[in-house]
2 protein chains.
Amino acid sequence: MVTIYDIAKKANVSAMTVSRVINKSEKISEITRKKVEAVIKELNYIPNNSARNLITKKTKILSLMITDIGNPFFTSVARGAEDKAMQMGYQLLLCNSDENFEKESKYMDMLISTGSDGVLIAPANDNSKKNMKKLTKHGIPFVLIDRRIPDIDCDQVLSDNEATTRRLIEHLIKQGHRKIAIINGPLVVSTARERQQSYIDTLKIHGISVNNDLIKESHFRDSDVTNSIQELLNLPESERPTAIFATNNFIGMNTMKILYRHNIKVPEEIAVVSYDVPNYTENESILTVAEQQAYNFGYIGIQLLIERIEGAAPEKARKIVLPSEIHLRASSLNQRD
Amino acid sequence: MVTIYDIAKKANVSAMTVSRVINKSEKISEITRKKVEAVIKELNYIPNNSARNLITKKTKILSLMITDIGNPFFTSVARGAEDKAMQMGYQLLLCNSDENFEKESKYMDMLISTGSDGVLIAPANDNSKKNMKKLTKHGIPFVLIDRRIPDIDCDQVLSDNEATTRRLIEHLIKQGHRKIAIINGPLVVSTARERQQSYIDTLKIHGISVNNDLIKESHFRDSDVTNSIQELLNLPESERPTAIFATNNFIGMNTMKILYRHNIKVPEEIAVVSYDVPNYTENESILTVAEQQAYNFGYIGIQLLIERIEGAAPEKARKIVLPSEIHLRASSLNQRD
DNA sequence: CTGTTAGCGCGTTCAA
DNA sequence: TTGAACGCGCTAACAG
């Protein structure tokens, strides 16, 4: 391995001078700089980051903690994060928590050990608070995306859960629906809570009483909605929903799949709307969706994070809310429209 | 920051003993081990990898170089890679080359500097050979996935391009098609070449002459097939294809989209088959596809890589070929079937 | 089984 | 503008 000492010897300078050249110090004569640079190129020297990190405590590595890169939403988040990180000279470590606090914790230790300069995180659930405290204790800045955590005050990039849900539900109401079911993720996740609250509030505003039999809790990942839908279908005619609000893309996709299996016509028998889109690369779906700015969650998140790391951020935590765009499609539109 | 010395002092042992406990050395008495572990937990100690790497020359970081995490194929690859890496105690650095050699090179320098223990790479194209040589020069093992590179002998995980293409084309021939077009990626990519060769060979075997007007070169990413399809449609009736073979998922998806825009009925007017699937999370498409074991490309690739890194691999390079599974769907099936 | 010594490659601090 | 000494946190090699 080539070290600064090898360079120093060959260039007839001290190691320190070489170090200065590498770190683009100003206080180097043009002549010695050229000389050292020549030797560096000649010997194909690449600095040892481990040694450097040991002193500077900086790695130029950021961690991206998401629940699953397989979810198209997070795939786009990752792409946005990656683009910004690369642009700013950082590299990105990928972590999939699978909505699991323990797995998240394990990653957390690894990324602290590696010396991540910062973490962009969509926390598994409210328990993740412990992991956030751990980061704080280790002096590692983090930015929350998609999901907030009670009592954690930090930079955040969030969806407009209240407004988007309201628009989705009001759309259904306008289509004549009064019995609207919600199939949600676990309520230990902030987005699930906020979407559910907005669902309830919107119904009430429009004078529709909330029926708890129409509120189902499933999972955002591995969202097996078979039982939920079966229960909805088993309800007496008077209660049976004419529309379903799926609170994330997987739930939306699986809801469509299961309804299809039950030979239930969408939207004639049951209309469906989904928060977030099942597939960001395709656009031919019949599903009415609220499309989030997934890419920007990552891109802006990393931007906030780097500003924080490099001391370019205001002391006060920043909260960015990214509005969604609703695409009305066949799954929720009456034919007469 | 808590160091092994803090632990040592509090546990009344030497730093070395603490180090041994951390590294799960066998030669530690049960009693001292428990004692040390207790203090580690109490002080929330997390090892500093930079310091450790400085000595061991290992970072426990692997890099995954793919062309685009936004491509569902590579998303699954990434998930498989991540799972195996995590399981083996490694972390994964994500790199998107965007099918671009220059971008790949830039990442290459970064990951060498960071000290990746190894690289799992789907190379941008044949030019990537230079980057492979660079890795070799720096003693960094790598495993090629999806795409091979001429004259580079190393562990590889590849698709069965020849056989899968042949089965796809023979399926079309059996459906009565004789004028079969191919919309391909750039021929500087091995998979494009192999799929095209197999397409040509299969036609010849079945006594169908190859018409160069039916061979179109597009891109695997940003695959704008508008022109290619326009040209195909402009062909005189006698030459106009009755079927299209799309050589990757994006091309397949976009082909469907453009045909739809042209109001061309699939499969009645033009049948379509695609190598690789546009969406791994959904299964309701009408597109006939060859589904690759994307997850295993990543999972097995990382396995080979780690074996190589840890000296557990045979000297001879290993070549794993993962067969695809063909799903026959409406886009290529005659109604009378 | 445990401890001591030395040094990994580099940047900080200070002196020249 | 340049250099010498020191130490970051840890582990290899050896000694006990």
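Letters A, B, ... mirror the listed sequences (proteins, then strands); counts begin at 1. Here the structure is a predicted model, which means the values were calculated and not measured.
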*Asks:* Check this for me: does any side-chain nitrogen of one of A:E82 and A:R79 sit under 4.0 Å from a carboxylate oxygen of the other?
*Replies:* no

*Asks:* Between the main-chain N or O of A:N127 and the side-chain N or O of A:N125, is there a donor-acceptor pair closer than 3.5 Å?
*Replies:* yes

*Asks:* Tell me whether the OP1 or OP2 atom of C:dT2 has a side-chain N or O from B:S14 closer than 4.0 Å.
*Replies:* no

*Asks:* What I'd like to find out is whether the side chain of A:K319 reaches to under 4.5 Å of the side chain of A:L158, using heavy atoms alone.
*Replies:* yes

*Asks:* Rounded to the Å, how far apart are B:K24 NZ and D:dT11 C1'?
*Replies:* 16 Å

*Asks:* Does the protein touch nucleotides 6-16 of chain C at the base, only the backbone, or not at all? Give it as B, S and - per nucleotide, heavy atoms under 4.0 Å.
*Replies:* -BBBBBB----

*Asks:* Tell me the bend of the helix from C:dC1-D:dG16 to C:dA16-D:dT1 as the angle between end helix axes, each from five pairs, rounded to the nearest 10 degrees.
*Replies:* 30°

*Asks:* Check whether more than 12 heavy atoms from other residues, nucleotides or ligands sit under 6.0 Å from atom NZ of A:K35, and answer yes or no.
*Replies:* yes

*Asks:* With a 6.0 Å cut-off (strictly less than), is the heavy-atom count around NE2 of B:H138, excluding the residue itself, greater than 12?
*Replies:* yes

*Asks:* Quickly work out the B:I31 CD1 to C:dT2 C1' distance and round it to whole Å.
*Replies:* 13 Å

*Asks:* For the backbone of B:S116 and the side chain of B:T114, can you confirm whether one donor and one acceptor N or O come within less than 3.5 Å of each other?
*Replies:* no

*Asks:* For A:E30 and D:dT2, what is the distance between atoms CD and P respectively, to the nearest whole Å?
*Replies:* 11 Å

*Asks:* Please report, rounded to the nearest Å, how far the C1' atom of D:dG9 is from the CD1 atom of B:I7.
*Replies:* 13 Å

*Asks:* Indicate whether any N or O donor in one side chain lies under 3.5 Å from an N or O acceptor in the other, for B:T59 and B:N53.
*Replies:* no

*Asks:* Measure the distance from CZ on B:R33 to C1' on C:dT2 and round it to the nearest whole Å.
*Replies:* 16 Å

*Asks:* Would you say a side-chain N or O of A:T17 is under 4.0 Å from OP1 or OP2 of D:dG3?
*Replies:* yes

*Asks:* Does the pair A:K34/A:E37 count as a salt bridge with the N-to-O cut at 4.0 Å?
*Replies:* no

